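What follows is a short report on a single structure.
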Amino acid sequence: MKALKRIVLVLFLLSALVAGAAAWWAWSSYQDFANAPLAGVEAGDNLVVERGDTLRSVVARLREQGIDAGRDLEWRLLARQLGTGGRIQVGEYALEPGITAGELLRHMRDGKVVRHHFTIVEGWNIRELRAALGRATPLVQTLHEVDDAALMAMLGREGVHPEGRFLPETYAYDRGDTDVDLLERAADDLDRALAAAWEARADDLPIDTPEQALVLASIVEKETGIAEERPLIAGVFTRRLRIGMRLQTDPTVIYGMGSAYAGNIRRSDLQADTPYNTYTRDGLPPTPIAMAGADALRAATQPEEGDALYFVAVGDGSGRHVFSPSLEAHNAAVRQYVQRYRERHGPR
């Protein structure tokens, strides 16, 4: 009997040792799974979690991508430990080399998704904006068969001309967002920036509405890429409007030419009357001619004081301009520009 008891005790101890060893091995394996970098991850890899996905389907997708780390039970245990189980958020997640299972689950729990970016460039027109949107990935494209009028109606701005209605800025978006989602944000941002500029406008401006300020800002935007020149150029146009002098600005002529513009303005183009030809028509054109940034909006509503009525490019490649108070001084500046141009490029 004593011998039997000893045998039972030995067997029990051996079983306990085996169970303990198995438990230790399982715990060690689980810790390695939770904290070791996921094997098979390469730079630029992403994981897309779609609506309705569960932890099981997400893990299955990882395995399809060649990331075969951990057993299903280990994923479930770790998700429960981190509070991720029922809180996986839809989106796109970066799988960078070195990421652990725990880090990935925390990202999915907290919605730390990949952000993509799209930049609306100052001075773009609506055609350029729509073309760039059409090339943006992974932005969902919905506007291929939608014209400008229908687009503005989709944005709650039915009957509004689309030119200049979107604020130049870099916009972050998530996978699954649409082109309309992004444009809606840009249109709202433009409304806010224009309202702020109009609220802070200078006294005695020769423009009466925020819409006119937007038109003027778009012209300023197209005339210079030098930030500190924008208020100076706005000042020239403000003084011209104040005394009833035509704006005579080439960018409006170019805009009115549309697809007929081939890179050069001829004398006949300056004489051809269109609603946008500020050489043949008084005042501002009927709509903006480009997307104006916040700086151009501020310049149009807070123009620089002075006496300049003319400006012309310096001609040295800097993009800067010479400002003149009289036609005589302006003509002299034009002659200097032509001379510098010929020195740099040869005779025309």
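Computed from a predicted model, the values in this text were never measured in an experiment.
- Counting only distance, with no hydrogens or angles, the side chain of R281 and the backbone of D273 share no donor-acceptor pair below 3.5 Å.
- Electrostatic pairing of E199 and R298 does not count as a salt bridge here, judged by no charged N lying under 4.0 Å from a carboxylate O.
- Atom CG of D295 sits about 11.5 Å away from atom OG1 of T224, to the nearest 0.5 Å.
- At distances below 3.5 Å, at least one donor-acceptor pair connects side-chain atoms of W75 with backbone N or O atoms of A69.
- Looking only at distances, a side-chain donor or acceptor of Q141 sits under 3.5 Å from a matching main-chain atom of A136.
- For the pair P206 and T238, the minimum side-chain heavy-atom distance is below 4.5 Å.
- A heavy-atom distance below 4.5 Å is not found between the side chains of H321 and V314.
- Both I126 and V146 belong to a common hydrophobic cluster when Ile, Leu, Val, Met, Phe, Trp and Tyr are linked at side-chain heavy-atom distances under 4.5 angstrom.
- Annotation: the span from N125 atom CG to Y255 atom OH amounts to 6.5 Å, rounded to 0.5 Å.
- The pair D53-R61 counts as a salt bridge, with a side-chain nitrogen and a carboxylate oxygen less than 4.0 angstrom apart.
- Not one N or O on the side chain of D191 forms a donor-acceptor pair closer than 3.5 Å with the backbone of D188.
- Aromatic rings from F118 and Y171 are positioned such that their centres are separated by 6.0 Å or more.
- Note on I233 and I254: separate hydrophobic clusters, where clusters join Ile, Leu, Val, Met, Phe, Trp and Tyr whose side-chain heavy atoms are under 4.5 Å apart, directly or indirectly.
- Using a 4.0 Å cut-off between charged nitrogen and carboxylate oxygen, D307 and R239 do not count as a salt-bridge pair.
- The only option from L167, D189, L297 that meets the side-chain contact (heavy atoms from CB on, under 4.5 Å) definition with L194 turns out to be L297.
- Using a cutoff of 4.0 Å between basic side-chain nitrogens and carboxylate oxygens, D72 and R56 are not scored as salt-bridged.
- The minimum heavy-atom distance between R340 and G315, with the atom names listed, is CB-O, 3.6 Å.
- The CG atom of L38 sits 7.5 Å away from the CG atom of L62 when rounded to the nearest 0.5 Å.
- P288 and G164 make their closest contact through CB-CA, 4.0 Å (heavy atoms, listed as atom of the first residue, atom of the second, distance).
- Between the side chain of Q89 and the main chain of R109, a donor-acceptor pair closer than 3.5 Å is present.
- Atoms CG and CD, from L232 and E305 in turn, are 11.5 Å apart once rounded to the nearest 0.5 Å.
- A donor-acceptor pair under 3.5 Å links the side-chain atoms of S318 to the main chain of R320, judged by distance alone.
- Checked by atom type, the side-chain pair Y276/T287 shows a donor-acceptor distance below 3.5 Å.
- The hydrophobic cluster containing V59 also contains F33, counting ILVMFWY residues as joined when their side-chain heavy atoms lie under 4.5 angstrom apart, directly or transitively.
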Assess the residue pair V322 and F311 against the criterion (side-chain contact (heavy atoms from CB on, under 4.5 Å)); give the C-alpha distance rounded to whole Å, side-chain angles, the decisive distance to 0.1 Å, and a yes or no.
CA-CA 5 Å; V322 176; F311 61 90; over 6 Å; no
Please determine whether side-chain contact (heavy atoms from CB on, under 4.5 Å) holds for the pair Y279 and L247, giving the CA-CA distance in whole Å, both sets of side-chain angles, and the decisive distance to 0.1 Å.
CA-CA 7 Å; Y279 285 84; L247 298 185; over 6 Å; no
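- The local environment of CZ in R246 is crowded, with over 12 non-hydrogen atoms from other residues, nucleotides or ligands closer than 6.0 Å.
- Between the side chain of E221 and the main chain of G293, a donor-acceptor pair closer than 3.5 Å is present.
- Q248 has its side chain out of reach of L270: every pair of non-hydrogen atoms, C-beta onward, lies at least 4.5 Å apart.
- Only one option out of E223, E304, E122 pairs with R230 in a salt bridge (charged side-chain N to carboxylate O under 4.0 Å, His left out); it is E122.
- Proximity of a side-chain donor or acceptor of K222 to a complementary backbone N or O of P251 within less than 3.5 Å is not detected.
- Across every non-hydrogen atom of F237 and I219, the tightest pair is CE1-CG2, 3.7 Å.
- Residue Y173 holds its OH atom at 10.0 Å from CG of D179, rounded to the nearest 0.5 Å.
- Contact detail for A213 and A300: the closest heavy-atom pair is O-CB, 3.7 Å.
- The hydrophobic clustering, which links ILVMFWY residues whose side-chain heavy atoms are closer than 4.5 Å, places V41 and M108 together.
- With hydrophobic clusters built from ILVMFWY side chains whose heavy atoms lie under 4.5 angstrom apart, L82 shares a cluster with V113.
- When every heavy atom of P303 is checked against every heavy atom of L205, the shortest pair comes out as CD-CD2, 3.7 Å.
- With a 4.5 Å cut-off on side-chain heavy atoms, M291 and V121 do not count as touching.
- In terms of modelled atom types and a separation under 3.5 Å, the side chain of R201 and the main chain of A196 share no donor-acceptor contact.
- Rounded to the nearest 0.5 angstrom, E184 CD and L155 CG are separated by 6.5 Å.
- A salt bridge does not link R175 to E50: none of the charged nitrogens lies less than 4.0 Å from a carboxylate oxygen.
- A 6.0 Å sphere centred on CZ of R80 holds no more than 12 heavy atoms belonging to other residues, nucleotides or ligands.
- The local environment of CG in D204 is sparse, with at most 12 non-hydrogen atoms from other residues, nucleotides or ligands closer than 6.0 Å.
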Can you list the steps and then say if N277 with T274 is a side chain to side chain donor-acceptor pair (under 3.5 Å)?
CA-CA 5 Å; N277 190 337; T274 75; 5.3 Å; no
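- At least one side-chain heavy atom of I88 sits less than 4.5 Å from a side-chain heavy atom of L55.
- Side-chain contact annotation: T100 with N35, donor-acceptor N/O pair under 3.5 Å absent.
- Counted by atom type alone, T252 and T278 present one or more donor-acceptor pairs between their side chains at under 3.5 Å.
- Here the side chain of R157 pairs no donor or acceptor atom with the backbone of M152 at under 3.5 angstrom.
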Checking D174 against R115 for the side-chain contact (heavy atoms from CB on, under 4.5 Å) test, could you report, in this order, the C-alpha distance in whole Å, the side-chain angles of both residues, the deciding distance, and whether it holds?
CA-CA 5 Å; D174 301 336; R115 306 307 305 277; 2.5 Å; yes
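- Judged purely by distance below 3.5 Å, without hydrogens or angles, the side chains of Y261 and D269 never pair a donor atom with an acceptor atom.
- Separation of the F166 and W124 ring centroids does not fall under the 6.0 Å cut-off.
- L78 and G102 get closest at one heavy-atom pair: CD2-N, 3.7 Å.
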I67/L95 under side-chain contact (heavy atoms from CB on, under 4.5 Å): CA gap, chis, key distance, verdict:
CA-CA 10 Å; I67 302 169; L95 298 176; 3.7 Å; yes
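- Using a 4.5 Å cut-off on side-chain heavy atoms (C-beta onward), M154 and L183 make no contact.
- L327 has its side chain out of reach of L309: every pair of non-hydrogen atoms, C-beta onward, lies at least 4.5 Å apart.
- In this structure, Y310 and V236 have side chains that are not in contact, with every pair of non-hydrogen atoms separated by 4.5 Å or more.
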